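All remarks here apply to the structure that follows.
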Amino acid sequence: MIKLTQVVKANQTDKYYLRETALNPQHIVSVNSSDQYIVLLHQNKLPEGLDPGHHFVEIALSHGGVLIAVGTPEIINEKIKFAKKLLLG
């Protein structure tokens with residue numbers, strides 16, 4: 001499992017919050033930059049405490065879902081590689 005900080009939009013509002021989540025790396029299909037969330041950050045629509053230099057990724061999951069997390073594709077991919085290496089022994 002890999003631990004990520006997920007960006008979640010509250011139901012029926014324009015508010016977002018952060019939560020820690022654990023994700024099985026075997027369920028990850030792709031990891032891509034999400035410029036849309038950088039725009040939201042600069043518009044002060046994301047929670048306080050995030051640095052203006054933070055990056056965001058969109059993670060596509062095997063069941064069809066999508067997760068937004070704080071980080072760059074490179075950082076997330078390193079976490080995935082490390083977790084898979086641990087799984088394989």
Side-chain angles (χ1 to χ4, degrees):
M1 300 294 262
I2 60 172
K3 290 185 180 181
L4 302 170
T5 301
Q6 182 180 4
V7 180
V8 182
K9 185 174 182 183
N11 289 337
Q12 301 174 347
T13 69
D14 286 334
K15 297 193 183 260
Y16 293 83
Y17 62 94
L18 302 176
R19 72 174 173 204
E20 292 296 316
T21 190
L23 185 61
N24 183 335
Q26 294 177 322
H27 294 281
I28 296 173
V29 176
S30 66
V31 177
N32 297 300
S33 293
S34 179
D35 294 338
Q36 171 189 357
Y37 282 80
I38 293 173
V39 171
L40 290 173
L41 177 64
H42 291 283
Q43 292 174 344
N44 295 318
K45 293 187 177 181
L46 296 181
E48 289 183 24
L50 288 171
D51 185 271
H54 272 109
H55 294 273
F56 302 90
V57 292
E58 182 177 283
I59 301 172
L61 305 172
S62 59
H63 62 72
V66 173
L67 181 144
I68 304 299
V70 178
T72 63
E74 294 80 16
I75 291 170
I76 303 302
N77 284 324
E78 284 299 316
K79 287 184 175 191
I80 293 167
K81 286 179 192 174
F82 182 74
K84 285 184 176 179
K85 191 181 286 186
L86 287 177
L87 287 173
L88 296 175

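Given the structure is predicted, the values throughout are model-derived calculations rather than measurements.
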So do Leu4 and Ile59 actually touch side chain to side chain, heavy atoms under 4.5 Å?
yes

Going from NE2 on His55 to OG on Ser34, what distance comes out if it is rounded to the nearest 0.5 angstrom?
12.0 Å

Would you confirm whether His42, through its side chain, and Val39, through its main-chain N or O, come within 3.5 Å as a donor-acceptor pair?
no

Mind checking whether Leu46 and Val70 sit in one hydrophobic cluster, side chains of I, L, V, M, F, W, Y counted as touching below 4.5 Å?
yes

Do Leu23 and Met1 come within less than 4.5 Å of each other through their side chains, counting heavy atoms only?
no

Determine yes or no for a side-chain-to-main-chain donor-acceptor pair under 3.5 angstrom, with Lys45 supplying the side chain and Tyr16 the backbone.
no

From CD1 (Ile80) to CG (Asn24), nearest 0.5 Å:
10.5 Å

Out of curiosity, does Leu67 fall in the hydrophobic cluster containing Tyr37 (side-chain heavy atoms, cut-off under 4.5 Å, transitive links)?
no

For the student: nearest non-hydrogen atoms of Asn32 and Ser30, plus distance:
ND2-OG, 3.7 Å

Could you state the interatomic distance from CD (Gln6) to CZ (Phe56), rounded to the nearest 0.5 Å?
12.5 Å

Note: Pro73 and Val57 closest approach over all heavy atoms is N-CG1, 3.4 Å

Treat each ILVMFWY residue as a node, draw an edge where side-chain heavy atoms are under 4.5 Å apart, and state whether Val31 and Leu61 are in one component.
yes

Check whether any side-chain heavy atom of Leu50 sits under 4.5 Å from a side-chain heavy atom of Leu18, and report yes or no.
yes

Please find the pair of heavy atoms, one from Ile38 and one from His54, that lie closest to each other, and give the distance.
CG1-O, 4.2 Å

Rounded to the nearest 0.5 Å, the OG1 atom of Thr72 sits from the CG atom of Asn77 at a distance of 8.5 Å

Rounded to the nearest 0.5 Å, how far apart are NZ of Lys81 and CD1 of Ile2?
12.5 Å

Verify the neighbour count for atom CG of Asp14: are there more than 12 heavy atoms of other residues, nucleotides or ligands below 6.0 Å?
no

ILVMFWY cluster, Ile75 and Ile68 together (side-chain gap under 4.5 Å)
no

Quick one: CD on Glu74 to NZ on Lys79, what's the gap to the nearest 0.5 Å?
13.5 Å

